[in-house]
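Here's the structure we're looking at; comments come further down.
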Amino acid sequence: METLPLLKQEFEQEYETTKKFLEIFPEGKNDYSPHEKSMKLMSLATHIVEIFGWPEVVMKTEKIDFAAGDYKPTILLNRKELQQKFEEVSAISREILETSKEDDLTGKWSMNMGELVLAEFDKYGAIRHALNQIVHHRAQLGVYYRLNDIPLPASYGPSADHETF
């Protein structure tokens, strides 16, 4: 069974759902955080957007080394910038997935902090992990929205804010 078509399909599903969440990103709440240990709202949304760029990073490299400075955080200031960056990185990742072959998914990829290997995957596993991270962090974003009385869009079924049974 080929996995690449499944990754592409799931990427598109997560893209569509995330797009709805970014469309309602609240202006003026960038620094909102439900807890002192929680990420700020803009940082969380930016992180989600960045993860949509992971397929490109995974397919073009063998690792990311945080100690070597391979990762440079993206700084975004408002909804428009979030949406623009989201469209930009999603288009690049979509193109990478479209031009990749099934065999390209078998190479190794890791996240490192210098010599310390934080996580190691095959490229398929790394992209799956990225998709899981999108879902995980978007769920966090939904909690932030809920705590700020922002109606939630549907994700994998109806939202209590927009549809009833």
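In this chain, residues are counted from 1 in sequence order.
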Without hydrogens or angle criteria, can the side chains of [X] and [Y] be said to hold a donor-acceptor pair below 3.5 Å?
| X | Y | result |
| --- | --- | --- |
| Ser110 | Glu62 | no |
| Asn148 | Lys29 | yes |
| Trp109 | Thr61 | yes |
| Glu50 | Tyr71 | yes |

Compare all side-chain heavy atoms of [X] with those of [Y] and state whether any distance is below 4.5 angstrom.
| X | Y | answer |
| --- | --- | --- |
| Lys85 | Thr46 | no |
| Pro5 | Glu102 | yes |
| Thr99 | Glu95 | yes |
| Ser90 | Phe52 | yes |
| Tyr124 | Val58 | no |
| Met111 | Phe121 | yes |
| Phe66 | Asn112 | no |
| Tyr15 | Glu87 | yes |

Where [X] and [Y] come nearest, the two heavy atoms and their spacing:
| X | Y | value |
| --- | --- | --- |
| Asp104 | Lys123 | O-CD, 3.6 Å |
| Ala130 | Ile51 | O-CG2, 3.3 Å |
| Leu131 | Glu14 | CD2-CG, 4.3 Å |
| Ser33 | Lys40 | CB-CD, 4.1 Å |
| Pro26 | Leu41 | CG-CD2, 3.6 Å |
| Met113 | Ala67 | SD-N, 3.6 Å |

Query raised in the report: Does the pair Arg146 and Asp161 meet the rule for a side chain to side chain contact (heavy atoms under 4.5 Å, CB included), with working shown?
Result: CA-CA 10 Å; Arg146 177 70 73 214; Asp161 294 310; 2.7 Å; yes

Requested in this report: Group every Ile, Leu, Val, Met, Phe, Trp and Tyr by side-chain heavy-atom contacts under 4.5 Å, then state whether Leu4 and Leu6 land in the same group.
Outcome: no

Query raised in the report: Among the clusters formed by ILVMFWY side chains lying less than 4.5 Å apart, do Tyr144 and Leu77 turn up in the same one?
Result: no

Report task. Verify side chain to side chain contact (heavy atoms under 4.5 Å, CB included) between Trp54 and Ile127, making sure each step is shown before the conclusion. Result -> CA-CA 7 Å; Trp54 285 15; Ile127 294 172; over 6 Å; no

Requested in this report: Report the C-alpha separation of Thr18 and Leu141 in whole Å, then their side-chain angles, then the decisive distance to 0.1 Å, and conclude whether the side chain to side chain contact (heavy atoms under 4.5 Å, CB included) test is met.
Outcome: CA-CA 10 Å; Thr18 302; Leu141 187 62; over 6 Å; no

Measure the spacing between [atom1] of [X] and [atom2] of [Y] and express it to the nearest 0.5 Å.
| X | Y | atom1 | atom2 | value |
| --- | --- | --- | --- | --- |
| Arg128 | Gln133 | CZ | CD | 11.0 Å |
| Phe86 | Ile48 | CZ | CD1 | 9.5 Å |
| Leu97 | Leu105 | CG | CG | 8.0 Å |
| Tyr32 | Leu44 | OH | CG | 11.5 Å |
| Asn30 | Met42 | CG | CE | 4.0 Å |
| Phe21 | Leu82 | CZ | CG | 14.0 Å |

Query raised in the report: Ion pair present between Lys20 and Glu23, side-chain N to carboxylate O less than 4.0 angstrom?
Result: no

Query raised in the report: Does a salt bridge link Asp70 with Lys63, judged by any charged N lying under 4.0 Å from a carboxylate O?
Result: no

Requested in this report: May I ask you to establish whether Arg94 and Phe11 are in a cation-pi arrangement, using a distance under 6.0 Å from NZ or CZ to the six-membered ring centre and at most 45° from the ring axis?
Outcome: no

With distance as the sole test, does [X] use its side chain to make a donor-acceptor pair with the main-chain N or O of [Y] at under 3.5 Å?
| X | Y | result |
| --- | --- | --- |
| Ser100 | Ile96 | yes |
| Glu88 | Gln84 | no |
| Thr106 | Asp103 | yes |
| Ser43 | Met39 | no |
| Ser159 | Ser155 | no |

I'd like to know whether [atom1] of [X] has more than 12 heavy-atom contacts from other residues, nucleotides or ligands below 6.0 angstrom.
| X | atom1 | value |
| --- | --- | --- |
| Lys8 | NZ | yes |
| Glu27 | CD | yes |
| Glu16 | CD | yes |

Report task. Before giving the answer on side chain to side chain donor-acceptor pair (under 3.5 Å), spell out for Gln140 and His137 the whole-Å C-alpha distance, their side-chain angles and the decisive distance to 0.1 Å. Result -> CA-CA 5 Å; Gln140 286 179 293; His137 290 301; 2.5 Å; yes

